[in-house]
**Q** 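Handing you a structure now.
Along the sequence shown, residues carry numbers from 1.
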Amino acid sequence: MQKLSLNQSLQQRLSPQQIQFIKLLQIPTFELSARIEEELEINPALEEGAEIEVREADEYDDDFDDYADEEFKEYDDRDIDVESYLSDDYNGYKMQGDGNSDDEDREMPIAMTSSLNDHLIDQLGFLKLDEQQEIIGKQLIGSIETDGYIRRPLQAVVNDLAFTQGIYTTIEEIEVVLKQIQTFDPAGIAARDLQECLLLQLDRKDVHDPFVQDAIRIIEDSFEEFSKKHYDKIQKRLGIDDEELKQTIKLITKLNPRPGAAEEDGGVVQFLLPDYILTNSNGKLELYLNAKNAPELRVSHSFHEMLDTYDKSDKNNKAIKETVTFIKQKLDSAKWFIDAIKQRQNTLLRTMKAILDYQKEFFLTGDESKLRPMILKDIATQIDMDISTVSRVASSKSVQTEFGLYPLKYFFSEGIATDSGEDVSSREVKNILKELIDNESKKNPLSDDKLEKFLNEKGYNIARRTVAKYREQLNIPVARLRKQL
C-alpha cells in the first residue's frame, strides 16, 4: 500500500527589477559601460543625460490599464529560479561563518581593459596635473612602444609638442611627468632602457629586504657585469657569499624585461580598473566612485509625449492599445534600469565605506600588518545587507589607493588567535611563514611540523594542517621538493 505524504515548501521569487539589480551589482566597472550601451540600444525610452521631470507612465488614462495589465501579467509573474541568482560564489576567499557553496573554484572576474594605452591614460587621469602636463603625459604615453619602453629621445618629444600642438616645454618638465608615468601599472612601464626598467620594478619591492638592496646595487653599479654574467666580479664588489648572490640573481631574473610584451605579441593585456578612488588629504580619507560607475541616464521625454498623444486617441482601437502597452513597457523598463543603476551605486559605496572603516589603519599607512581579520559577515552585519550581496561587490571590484590598486577581496582574511588572546590576519601569518621558508637552509628545509613549532613559538596558535594549507596557497612545495644540494 502506497503512503501519501504532503510536503510544504517555501519558494522565494525575485521580481524582474531585483534580477536586474543583482546582475548589475555583480558586473565590474569595465563591463558596466557595455551593459549600459546594450540597454540604450534595445530600449528607445532610455537616453543618456541628466534626468528631466516627466509624467509617469501609470499617470495616464485607466482605460488602457486593464488591457496593459493583462499583457504584462505573464511578464511580471513568471517563475524565477532564485538559485541561479542567489548561489554564492565567494569560496575563493570565504571564511568560517560566511556560508557555503558547492562551486569552490568559481570567482567573479575583476574589472579589466584590453588596451595598454587606454589603461595608462586612465591612470593619468588619477594624477593632479595641469592642462599642459596632461598633454605632455598623453604625448609620452603615445610614444611608448609595444614592449613598454620609451626609446624616443626626450628632446624629440619636446619638438613634437612644439610643432604639432604649439606646446613649448623643456626636457626637465617632461622628465617630471615621465617619472609619474613610470609609477603606473605595469611595473617598469615607460623605461628608457633595460637598466631603468629593472630598477623601476625593484623600487616597488620591499627596500628593507637585503636581497632587494643587493639587487638594486647590482643593477645600478654593476649592470654591465650582470649582463655579461661576470658574477665573480659582482660578488667581490658587493662582498656577499654564494647563497646571497644566488638569491639576488634569482630575484632579478624574475623581473619582467618587457612590461608591454603581451600587447607586442598580439595578446590581450589585462589590468585592474578601479571601481573606487580613495584619496588621503592630510589624514582625511575621501572615497569616490569611479566616474564610469555613475553614468547620467534619463527616461526619454519624447516617449512620454508619445504616450500623451496616444492617450488622446481612440481608446477602442486595438492597434493603439498595443502601441500604448509597448510604450508603457519601455518607459517602465527604462525607469527600472535607472533605479537599478542608482541602487548599484549606493550598495557599492555603502560596502566600501564599511571596509574603509574596518581597515582604516591600513588605508592611512599602507602597512599590511595593520590589516585586521575581516570576513564577509563582518561587513554584511555592519551595513545590514545579505552576505551574498557583499560577496558580489567584494569578488569583482577594486579600489585605487595611493599605495596601489587592490581587489576588494584582498582585505578579507580569517583571524588567527595569538597567545595574548588577540586575532591577527592570516595574511600576517602567511608573511611570517614565507619569511621562515625564505631563510631556511635549502640543504635541510623546514617540514610543516617544524614550521608549526616556530609559528607557535612566535605566539601564533596554528595547527600543522593550517600551515600546509597556507604553504600551498603561497605556491610553496613541501620540504623534500625544496631541498637543494
Side-chain angles (χ1 to χ4, degrees), residues 14-65 67-69 71-72 75-76 78 85 111 113 118 121-122 125 273-277 286-313 320-353 385 389 392-393 396-397:
L14 296 178
S15 68
Q17 298 96 311
Q18 289 172 312
I19 295 169
Q20 187 149 302
F21 166 66
I22 289 172
K23 287 184 174 181
L24 285 172
L25 181 64
Q26 66 190 19
I27 66 174
T29 298
F30 178 67
E31 295 180 14
L32 181 62
S33 297
R35 176 66 187 89
I36 290 172
E37 286 297 324
E38 177 187 335
E39 193 69 19
L40 287 167
E41 287 181 11
I42 64 175
N43 189 352
L46 184 69
E47 295 178 346
E48 291 184 276
E51 288 186 83
I52 52 179
E53 203 168 309
V54 289
R55 291 177 64 190
E56 296 296 333
D58 56 11
E59 293 176 11
Y60 288 85
D61 198 299
D62 291 337
D63 289 347
F64 288 126
D65 287 345
Y67 177 84
D69 287 344
E71 290 290 310
F72 281 109
Y75 176 73
D76 284 334
R78 70 181 69 170
Y85 294 99
T113 180
D118 289 344
I121 292 294
D122 283 340
L273 182 68
D275 299 81
Y276 310 91
I277 311 297
E286 296 179 346
L287 180 68
Y288 307 93
L289 271 181
N290 187 322
K292 292 183 179 180
N293 278 303
E296 285 194 338
L297 297 171
R298 68 187 181 197
V299 177
S300 169
H301 184 56
S302 62
F303 251 63
H304 273 279
E305 290 178 340
M306 286 172 60
L307 191 58
D308 197 23
T309 299
Y310 281 110
D311 183 44
K312 299 180 177 68
S313 303
I320 291 178
K321 286 184 177 181
E322 289 176 349
T323 302
V324 169
T325 300
F326 171 79
I327 294 173
K328 290 183 73 174
Q329 177 189 349
K330 292 302 180 183
L331 287 172
D332 285 338
S333 180
K335 185 175 181 298
W336 291 345
F337 188 79
I338 292 171
D339 287 344
I341 290 288
K342 289 179 178 178
Q343 193 176 351
R344 178 184 188 274
Q345 294 169 12
N346 180 265
T347 303
L348 289 184
L349 279 173
R350 286 181 63 189
T351 304
M352 187 62 218
K353 283 178 179 177
M385 286 188 177
T389 300
R392 285 181 172 86
V393 176
S396 60
K397 309 295 183 293

**Q** Who passes side-chain contact (heavy atoms from CB on, under 4.5 Å) against Gln343, sequence neighbours left out?
**A** Phe21, Thr347

**Q** Using side-chain heavy atoms (C-beta onward) and a distance below 4.5 Å, is Phe337 in contact with Asn43?
**A** no

**Q** How many angstroms lie between atom CG of Leu331 and atom NZ of Lys335, to the nearest 0.5 angstrom?
**A**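 If I round to the nearest 0.5 Å, the distance is 11.0 Å.
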
**Q** What's the separation between atom CG in Asn346 and atom NZ in Lys342, rounded to the nearest 0.5 Å?
**A**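 Spacing of CG (Asn346) from NZ (Lys342) equals 11.5 Å.
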
**Q** Are the side chains of Ile27 and Lys23 in contact, using a 4.5 Å heavy-atom criterion?
**A**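 Result no, sub-4.5 Å side-chain heavy-atom pair not found.
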
**Q** Identify the two heavy atoms, one from Leu40 and one from Leu46, that lie closest to each other, and give their separation to 0.1 Å.
**A**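 Scanning both residues, the minimum pair turns out to be CD2-O, 3.5 Å.
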
**Q** Would you say that Ile22 contacts Thr389 through its side chain, given a criterion of any heavy-atom pair below 4.5 Å between the two side chains?
**A** no

**Q** What distance do Glu296 atom CD and Ile36 atom CD1 have between them, rounded to the nearest 0.5 Å?
**A** 11.5 Å

**Q** What are the two closest heavy atoms between Lys330 and Ala45, and how far apart are they?
**A**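 Taking Lys330 first and Ala45 second, the nearest heavy atoms are O-CB, 3.5 Å.
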
**Q** In terms of side-chain geometry, is the basic nitrogen of Lys328 or Asp332 positioned less than 4.0 Å from the acidic oxygen of its partner?
**A** no

**Q** State, with a plain yes or no, whether a side-chain heavy atom of Leu297 is found less than 4.5 Å away from one of Glu47.
**A** no

**Q** Compare every heavy atom of Leu25 with every heavy atom of Lys397, then report the nearest pair and how far apart it is.
**A** NZ-O, 2.7 Å

**Q** How long is the span from the CG atom in Asn290 to the CG atom in Leu32, to the nearest 0.5 Å?
**A**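 Going from CG on Asn290 over to CG on Leu32, the span is 9.5 Å.
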
**Q** State the OH-CG distance between Tyr276 and Leu287, to the nearest 0.5 angstrom.
**A**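 Tyr276 OH to Leu287 CG: 7.5 Å, rounded to 0.5 Å.
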
